[in-house]
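Report on the following structure.
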Amino acid sequence: MFFNKKKNAIVNNDLKHIAFIMDGNGRWAKSRGLPRKAGHKQGAKALENIGKICSEYGINTVTVYAFSTENWSRPKNEVDAIIDLLRSYIKDAKKRKEVRYKFIGDKSVLPKDLIVEINELEEITKNFDNVLNIAFNYGGRAEIVYACNELIKEGKTVITEEDISSHIYTSHSKDPDLIVRTAGEYRLSNFLLWQCAYSEFYFTDVYWPNFDRKELEKAIESFNNRKRRYGGLIKGEE
Ligand code: FPP
């Protein structure tokens, strides 16, 4: 554990990967009399801010749930707004080039020009150590099915946990140490179902666009107070 004097936050060395379910954009907007897309825009700003703070704290992997396989059922204007937001987010990210971007999910159904942009961003940032996984058109069950089908294609007839871990979309990242969900819901909504086996969870009522350094520090503090036993016992507590 180290004490980051500058930022007055205690960051546990075990905390290397945080995943966020960025919920509450719509309610944030509604509470201000704004259209839902304004909430997503503010949400994208919060993501940029939190990503930077995480890397400042030595948390080298961040995974965010930006669009689920179920989100297509939202009104077309909202879906279009999120896709447009992703386009401009990628444009900015290409200029920033400060982290390795990886898109997790089924890209194939996205507009062709967007797929090109995504592939380019992944390519030009591939040598950065810190990773930002953006789950877009992502579903946890679909991901496990995808991994199994890849293994079948490879001719496997018997599979191990390691095989699945090495064929899921996040095979380049360790499993998340902490999963944070904002906006008062207490469920995973098909996010990182395989990877969350031993993750810690943190729930807050704060809407994602309001999730800032102070809120992140609360989540980190909560993580630091957890005892991770991985099904075993902690030395000295036998
Ligand atoms: C859930 O809030 C949020 C989403 C479905 C979209 C998340 C998207 C962003 C944070 C910004 C986009 C990011 C990128 C990288 C383009 P909700 O709409 O379900 O909120 P509600 O529950 O209050 O309605």
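When a ligand or atom number is given, it counts from 1 through the structure's own listing order. In what follows, every heavy atom counts, from backbone to side chain, and hydrogens, waters and symmetry copies are set aside.
- In this structure, atom 9 (C) of ligand 1 lies nearest to the protein heavy atom N25 ND2, 3.6 Å.
- Between Y89 and ligand 1, no N or O atom pair is found at a separation short of 3.5 Å.
- Closest heavy-atom approach to atom 15 (C) of ligand 1 within the set I90, I82, L47, L132: this belongs to L47.
- Between R74 and ligand 1, at least one pair of N/O atoms sits closer than 3.5 Å.
- Close approach of ligand 1 to R27 (heavy-atom distance below 4.0 Å) involves ligand atoms 21 (P), 22 (O), 23 (O).
- At a threshold of 4.0 Å, the pair R181-D23 counts as salt-bridged, since one of the basic side-chain nitrogens sits closer than that to a carboxylate oxygen.
- Nearest protein heavy-atom neighbour of atom 7 (C) of ligand 1: A66 O, 3.3 Å.
- No side-chain donor-acceptor contact under 3.5 Å links D177 and H17.
- Under the 4.0 angstrom criterion for non-hydrogen atoms, G24 is in contact with ligand 1.
- Ligand 1 is never approached by E185 to a heavy-atom distance shorter than 4.0 Å.
- Between K126 and E123 there is a salt bridge, since at least one side-chain N of the basic residue sits less than 4.0 Å from a carboxylate O of the acidic one.
- Taking the six-membered ring where tryptophan is involved, the planes of F67 and F136 are essentially parallel, since the angle between them stays under 30° and well short of 60°.
- Under a 4.0 Å N-O distance rule, the pair E48/R96 qualifies as a salt bridge.
- Set against the non-hydrogen atoms of L86, the atoms of ligand 1 under 4.0 Å away are 16 (C).
- Under a 4.0 Å N-O distance rule, the pair K218/E221 does not qualify as a salt bridge.
- If you check which protein heavy atom lies closest to atom 11 (C) of ligand 1, you get H40 O, 3.4 Å.
- Considering backbone and side-chain atoms alike, G26 places an N or O below 3.5 Å from some N or O of ligand 1.
- Looking only at heavy atoms of the protein, atom 3 (C) of ligand 1 is closest to M22 O, 3.2 Å.
- Within the structure, the closest approach of R36 to ligand 1 falls below 4.0 Å when heavy atoms are considered.
- Close N/O approach between W28 and ligand 1 is not found [any backbone or side-chain N/O within under 3.5 Å].
- Salt-bridge formation is detected for the pair E185/R27: a Lys NZ or Arg NE/NH1/NH2 atom is positioned less than 4.0 Å from an Asp or Glu carboxylate oxygen.
- No hydrogens or angles considered: nothing links the side chains of R87 and Y89 as a donor-acceptor pair under 3.5 Å.
- Here is the list of ligand 1 atoms found below 4.0 Å of a heavy atom in N71: 5 (C).
- Panel note: side chain R213, backbone N49; no donor-acceptor pair is recorded below 3.5 Å.
- Looking only at heavy atoms of the protein, atom 12 (C) of ligand 1 is closest to L85 CD2, 3.8 Å.
- Residues D80 and K37 are not paired through a salt bridge, judged by the lack of any N-O separation under 4.0 Å between the basic side chain and the carboxylate.
- Side-chain N/O atoms of N149 and H167 include no donor and acceptor closer than 3.5 Å.
- Between Y65 and ligand 1, no N or O atom pair is found at a separation short of 3.5 Å.
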